[in-house]
Amino acid sequence: MVAGVRDYAIFLLSPEGIVSSWNLGAELIKGYHAEEIIGKHFSIFYPQEAIDKGWPEFELNTAASEGRFEDEGWRIRKDGSQFWANVVITAWKNGDGGLLGYLKITRDLTVRREIELALRDSEERFRHLAMSATDYAFILLDPGGYITSWNPGAEKIKGYHSEEIIGKHFSIFYPKEAIDKGWPAHELMVARTKGRFEDEGWRVRKDGSRFWADVHITAFEDDAGKLRGFWKITRDLTERKLAEERLRRSNKELEQFASVAAHDLQEPLRKIQAFGDRLRTRATSLDAQSRDYLERILASAVRMRTLINDLLAFSRVTIKAPPFGRVELEYLVREVTTDLEVHIQQTRGRVEIRSLPTLDADPLQMRQLFQNLIGNALKFSRPEEPPVITIDSKRAGSFWQISVRDNGIGFEETYRERIFEMFQRLHGRNEYEGTGMGLALCRKIVERHRGSISAQSRPGEGATFIVRLPAQNHGGQYDQENSYRRLDG
Amino acid sequence: MIRRTPIVVLMADDDADDREMTKEAFEMSRLANDLRFAVDGVDLMDYLKRRGKYTNPSKCPRPGIILLDLNMPKKDGREALAEIREDAELTDIPVVILTTSKEEEDIQRSYSLHANSYITKPVTFEALVNVVAGLGRYWFEIVELPRPK
């Protein structure tokens with residue numbers, strides 16, 4: 001029966017260590033046929049260094065005196081290759097305690113050893129990584145969720161020393177409400193069935209304080225597919241969450257400031273306009289010069305109101321901005337053109353829309369954008385030449401590139417950046433009206449949409465404004481209701 | 001349509017100049033209404049509920065229409081409007097918002113709180129006279145007002 005065993009080399013040695021029997025397993029593991037090996041000394045199986053150190057004799061002597069010897073080590077096959085062996089040598093004695101020989105059982109554990117080494121290596125690397133990471137909590141959980149390993153990052157983030165936390169259940173990190181709802185068990189289950197679980201949520205430190213955590217739980221299994229435990233990586237995102245809160249609050253304050261400022265700043269202006277207007281109707285007793293001064297005062301008041309409104313609109317681009325929806329730009333721009341119909345007629349101008357895409361955007365802001373661009377094109381036309389505005393688009397990677405080209409007065413290349421700055425104008429108030437905020441508003445809108453705007457021009461040869469907008473843009477929450485399209489579409 | 005005694009118009013506005021100009025606009029439009037004023041939301045509610053300095057009913061005749069500014073100290077027009085609509089005695093009174101604000105949000109909110117209409121105060125006096133004349137024509141000649149409780 002022994003002869004037929006394949007996985008174990010089982011053979012007898014004489015008291016001197018000579019091989020006196022052989023089996024199939026020995027042949028398979030060590031490579032020798034029975035005829036070649038019986039009669040040879042068993043040290044033939046050992047690497048030269050082991051023989052030099054006297055290992056074979058030592059093993060036999062140990063077996064003789066203590067009854068058995070067990071070890072793991074390298075052995076040599078017939079072809080010279082090495083394998084990792086698990087060896088048991090048992091002394092075979094007669095009734096009087098006389099040594100009759102030895103029974104040697106050898107197992108080839110090369111594969112298992114490689115796996116163990118690889119595992120230990122990766123565990124070592126993991127441990128090294130875990131130990132050096134002070135900003136990440138790396139912890140190991142057993143299949144039941146009990147903590148088996150801790151790292152400096154975990155201590156820093158959660159506050160426990162490893163001695164006091166190992167062996168405890170990981171639900172200790174969760175707020176009571178989460179435990180009551182069964183969250184910890186749920187997370188492990190998801191990790192088990194889907195392989196991993198990711199979430200953000202509140203966790204509790206040793207001192208009871210809460211922090212906002214980013215958590216990844218990964219299940220790991222052995223070769224047989226049996227669950228061995230979980231890795232849990234936690235990051236403390238409280239800072240980021242606090243920063244988000246601060247930003248939200250600051251935006252809210254800015255918004256309140258903006259609307260209060262607008263209201264309170266406008267109020268005295270309104271009075272100037274109202275009483276100035278009443279004065280104007282009674283101005284028959286004033287001389288021409290006085291009436292002129294009055295007109296200038298009133299004109300300034302109007303300008304200031306426009307400026308305040310423009311500033312408010314500018315600040316609202318990001319502060320009071322609703323989420324994006326699907327916008328059919330062609331339809332929207334046609335509507336803008338209709339709104340500007342009077343101005344177009346007056347200048348005998350023409351707006352030609354070649355092609356425009358549908359994309360994710362804020363419809364109101366797109367409207368403001370094109371109103372400004374087309375309005376500018378009409379405003380800065382050449383006196384002798386009716387304005388022709390051409391709007392076209394093409395796809396450039398993940399962006400749409402939209403161009404608004406006119407045949408107006410143009411501007412010098414040196415100013416192509418400056419024109420997008422707040423309050424920057426290239427002409428005096430007397431030449432063209434405007435507050436210098438139009439293009440600044442355009443840029444702010446485009447940048448809120450994570451796009452860009454630029455201009456090209458030559459004096460006397462018109463200008464081309466290029467707006468690049470992402471084709472896909474889920475800015476904040478996507479809002480079905482905010483979509484803008486033709487009602488019959 | 002029988003012309004009753006001129007309707008009391010109650011205007012709530014914290015701005016003295018606006019109160020004065022409106023009074024003049026009423027005169028220019030030849031509206032014979034008894035125009036009364038409240039200087040803020042608290043004053044307005046005291047008048048309507050006949051409390052504080054308004055315990056004498058002859059000092060605070062019930063208005064047939066209220067012109068209400070939105071932005072006032074102590075209590076603003078939005079709060080006052082909500083209170084008026086909550087009071088069974090007062091809720092029938094038409095309230096016309098007359099304010100400097102042209103904010104979309106203010107307009108929407110006012111109608112949600114059941115204001116009858118919303119007017120942004122015009123800048124020029126002439127335009128104000130037109131608005132007041134229009135108000136007079138609409139509310140006092142064209143429209144039937146509810147009977148006072």
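Residue numbering restarts at 1 for every chain, and letters A, B, ... go by the order of the sequence lines. Values in this document were obtained by computation on a predicted structure and should not be read as measured data.
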| note | Value for NZ (A:K271) from CE (B:M21), rounded to nearest 0.5 Å, stands at 6.5 Å
| task | Report the distance from atom CD of A:Q266 to atom NZ of B:K102, rounding to the nearest 0.5 Å. | result | 6.0 Å
| Heavy-atom pair of closest approach, residues A:R270 and B:D15 |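 In this case the closest contact between A:R270 and B:D15 is NH2-OD2, 3.9 Å.
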Should the heavy atoms of other residues, nucleotides or ligands under 6.0 Å from [atom1] of [X] be counted, would the total exceed 12?
X      : atom1 : result
A:Y432 : OH    : yes
A:E421 : CD    : yes
B:R137 : CZ    : no
B:R19  : CZ    : yes
A:H427 : NE2   : yes

| note | Note: vs chain A, highest number of non-hydrogen pairs under 4.5 angstrom among B:T100, B:N71, B:D17, B:L128 is B:D17
| request: Check each atom of B:E24 against the heavy atoms of chain A and say whether the ones under 4.5 Å are side chain, backbone, both or neither. | output: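 Interface part for B:E24: side chain.
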| field | Segment of A:N309 engaging chain B (4.5 angstrom heavy-atom cut-off) | value | side chain
